[in-house]
Amino acid sequence: MTSFFDGIPTISYDPQADHDFAYRSYNPDEMLMGKTMAEHLRFAVAYWHSFAWEGGDPFGGQTFLRPWFDTTMDAARAKADTAFDMFKILGQPYFCFHDADVRPEGDTFAESTARLHEITDYFGEKMEQTGTKLLWGTANLFSNRRYMSGAATNPDPDIFAYAAATVKECIDVTHKLGGENYVLWGGREGYETLLNTDLKREREQAGRFLQMSVEYARKIGFKGAILIEPKPQEPTKHQYDYDVATVYGFLKDYGLENEVKVNIEQGHAILAGHSFEHELAMASALGIFGSIDMNRNDYQSGWDTDQFPNSVPEVALAYYEVLKAGGFTTGGTNFDAKLRRQSLDAEDLILAHVGAMDVCAKGLKAAAAMLEDGKLEAARDARYAGWGSERGQGLLSSDLETINAQVKADALNPQPASGRQEALENLVNRYL
């Protein structure tokens, strides 16, 4: 154990504990709907927020003084040691990372690449020792100043090439480590103003970039899912992967709707003007549901605050849609969440995850109870029952003239029925 977490015990399930360092709801071995809670939730730690973020905001700089904050490979290995210590303390089965989270930037592409392979070889040793697995890997194509005008959508073809070469290396290391997914988030794939933007060209560049990424992943035998993470804005004014529906239209345009799925983040759904459960339901309906980033936004702020989840009702409705979609296959629950910049201590990092995992466990149990009870689905089925009749099914294969004649012949005068929203909201609250 590294000194950073000295004195912090391994977290176990103990609902009667009189101290902070226990799970009160998350019991990884508890059975729900034929699987353990651990198998349902598939928790992952986000390397970038937990170990790379320095605690800055737009109005102030670094507040976290971590012993591994240095630009050497020794510091990168110390960071990895600390990360795997935390995975062990929490019993976390998975983690996720960007290339820039885990290795210092080199002076050249070759040096950065060599460092990435060196540190991921070290990860491989740690993973073999601990049993921790990689949920997904990805490339940071937004932090370096070269990407200020985008990566795949950049007006400079050399930057497109640099980004493509970077993704190739990141897919390689994800595959080497047995990663179950590869994620692409286009943080700067968008624009600040249309005055200097060729939108059609940039969209075509992004489409070909994604095609190349899929082609290469399949060429090397990567069996995991390729995921896009939608977000409407921030850091750009407008991002091309705005929401799930937008991403699906993009995938259809480039023949990738059967190759690429989505990684949906709660905070990004809110920024897009949706609920988390809306985006999950939409992804399921379109057949592109893959994985989730679990966090929350501050509803008084207009930006992505990446806080740890703490609302059981919100989480329950999200996991209800996950369970309805059949649950996770290669995906899971990644905590794309960061401490508040005043939360300086090692125990803050542990307890943030403990609380979030308990919230998710409570939400999952409520969602499973709702689904197994069946009352919500029975009410939904009853509302659409008319479409199961011979008349209802015939309408969709008919035409306007025939339908017009039938309405006149039958003197049809339909009356509205209650949607029963309040009753259904009351029903949901019984499970919470």
Side-chain angles (χ1 to χ4, degrees), residues 1-5 8 10-12 26 28-29 36-52 66 68 72-104 112-140 166-183 217 220-227 263 290-294 328-336 346 349-350 353 357:
M1 186 69 68
T2 59
S3 60
F4 189 71
F5 292 117
I8 297 178
T10 299
I11 311 299
S12 59
Y26 177 56
D29 299 321
T36 66
M37 194 176 285
E39 290 170 331
H40 276 295
L41 292 167
R42 292 167 59 87
F43 284 133
V45 171
Y47 209 95
W48 52 100
H49 283 325
S50 292
F51 309 110
R66 307 304 197 206
W68 57 84
T72 67
M73 287 304 295
D74 285 342
R77 282 185 288 272
K79 186 196 302 186
D81 291 339
T82 304
F84 279 87
D85 283 347
M86 191 173 96
F87 305 157
K88 182 178 179 181
I89 289 170
L90 293 170
Q92 282 277 12
Y94 291 98
F95 71 108
C96 305
F97 70 87
H98 304 81
D99 56 337
D101 309 328
V102 302
R103 56 98 183 107
S112 293
T113 297
R115 289 174 172 181
L116 177 63
H117 284 275
E118 180 182 342
I119 195 63
T120 51
D121 285 344
Y122 191 61
F123 281 1
E125 297 171 11
K126 307 287 283 188
M127 291 166 72
E128 188 172 349
Q129 293 165 7
T130 63
T132 303
K133 295 180 282 189
L134 179 63
L135 187 65
W136 50 260
T138 188
N140 180 325
T166 300
V167 167
K168 185 266 184 196
E169 299 294 341
C170 290
I171 292 174
D172 283 342
V173 297
T174 299
H175 184 44
K176 174 178 70 176
L177 294 175
E180 299 188 22
N181 308 269
Y182 185 82
V183 170
I220 66 170
F222 179 68
K223 303 298 184 185
I226 307 295
L227 307 175
N263 180 54
S291 192
I292 66 173
D293 276 4
M294 182 62 82
F328 297 118
T329 52
T330 62
T333 303
N334 174 47
F335 289 115
D336 190 354
L349 192 53
I350 298 297
H353 285 86
M357 292 163 74

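Under the 3.5 Å distance criterion, the side-chain polar atoms of S50 are left unmatched by any main-chain donor or acceptor of Y47. Using modelled atom types, no side-chain atom of N181 and backbone atom of I226 make a donor-acceptor pair closer than 3.5 Å. The backbone N or O of I220 lies less than 3.5 Å from a partner atom in the side chain of H175, making a donor-acceptor pair. Between the side chain of S291 and the backbone N or O of G332, at least one donor-acceptor pair lies under 3.5 Å. Side chain of T138 to main chain of V183: a donor-acceptor pair is present (N/O by atom type, distance under 3.5 Å, no hydrogens or angles).
Annotation for Q129: atom CD counts as buried by contact number, over 12 foreign heavy atoms lying within 6.0 Å.
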Run the numbers on M357 and F335 for side-chain contact (heavy atoms from CB on, under 4.5 Å), then give the verdict. CA-CA 9 Å; M357 292 163 74; F335 289 115; 3.6 Å; yes

Check step by step if side-chain contact (heavy atoms from CB on, under 4.5 Å) holds for L41 and Y26. CA-CA 10 Å; L41 292 167; Y26 177 56; 3.9 Å; yes

Working for side-chain contact (heavy atoms from CB on, under 4.5 Å), residues H49 and D336: CA-CA 7 Å; H49 283 325; D336 190 354; 2.9 Å; yes

Please report the C-alpha distance between R115 and M73 in whole Å, then the side-chain angles of each, then the deciding distance to 0.1 Å, and finally whether the side-chain contact (heavy atoms from CB on, under 4.5 Å) criterion is met. CA-CA 7 Å; R115 289 174 172 181; M73 287 304 295; 3.7 Å; yes

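E118 meets the salt bridge (Lys or Arg N to Asp or Glu O under 4.0 Å) test with R77; sequence neighbours excluded. Partners of F328 according to the ring-ring contact (aromatic ring centres under 6.0 Å, His included) rule, which considers only residues two or more places apart in sequence or in another chain, are F289. For the ring-ring contact (aromatic ring centres under 6.0 Å, His included) test, residues two or more places apart in sequence or in another chain that qualify with W48 are H98, W136. D99 meets the salt bridge (Lys or Arg N to Asp or Glu O under 4.0 Å) test with R103; sequence neighbours excluded. With sequence neighbours excluded, no residue satisfies salt bridge (Lys or Arg N to Asp or Glu O under 4.0 Å) with D101. With sequence neighbours excluded, no residue forms a salt bridge (Lys or Arg N to Asp or Glu O under 4.0 Å) with K133.
With a 4.5 Å cut-off on side-chain heavy atoms, H117 and K176 count as touching. Counting only heavy atoms from C-beta outward, the side chains of Y122 and D81 approach each other to under 4.5 Å. Side chains of Y94 and E180 form a contact here, defined as non-hydrogen atoms less than 4.5 Å apart. You'll find the side chain of F123 reaches within 4.5 Å of the side chain of L177, heavy atoms only. Put simply, the side chain of Y182 reaches to within 4.5 Å of the side chain of C170, judged on heavy atoms. Q92 places none of its side-chain heavy atoms less than 4.5 Å from the side chain of T132.
Interatomic distance, CG of D293 versus OG1 of T333, reported as 9.5 Å (0.5 Å rounding). In this structure, NZ in K88 is found 13.0 Å from CD1 in I11, a value given to the nearest 0.5 Å. Here CG of L349 is found 8.0 Å from CG of L90. Values are rounded to the nearest 0.5 Å. In this structure, CD in E169 is found 4.5 Å from OG1 in T113, a value given to the nearest 0.5 Å.
Between F95 and F97, the ring planes are parallel. Angles under 30° get that label, and only those over 60° would be called perpendicular.
Looking at K168 and D172, a side-chain N of the basic residue comes within less than 4.0 Å of a carboxylate O on the acidic one, giving a salt bridge.
Residues F4 and F51 keep their aromatic ring centres 6.0 Å or farther apart.
Among all heavy-atom pairs drawn from T72 and A75, the shortest one is OG1-N, 3.1 Å. Here the closest non-hydrogen pair linking V45 and M86 is CG1-CE, 3.7 Å. V167 and A139 get closest at one heavy-atom pair: CG2-CB, 4.2 Å. Here the shortest heavy-atom pairing between G137 and T174 reads CA-OG1, 3.4 Å.
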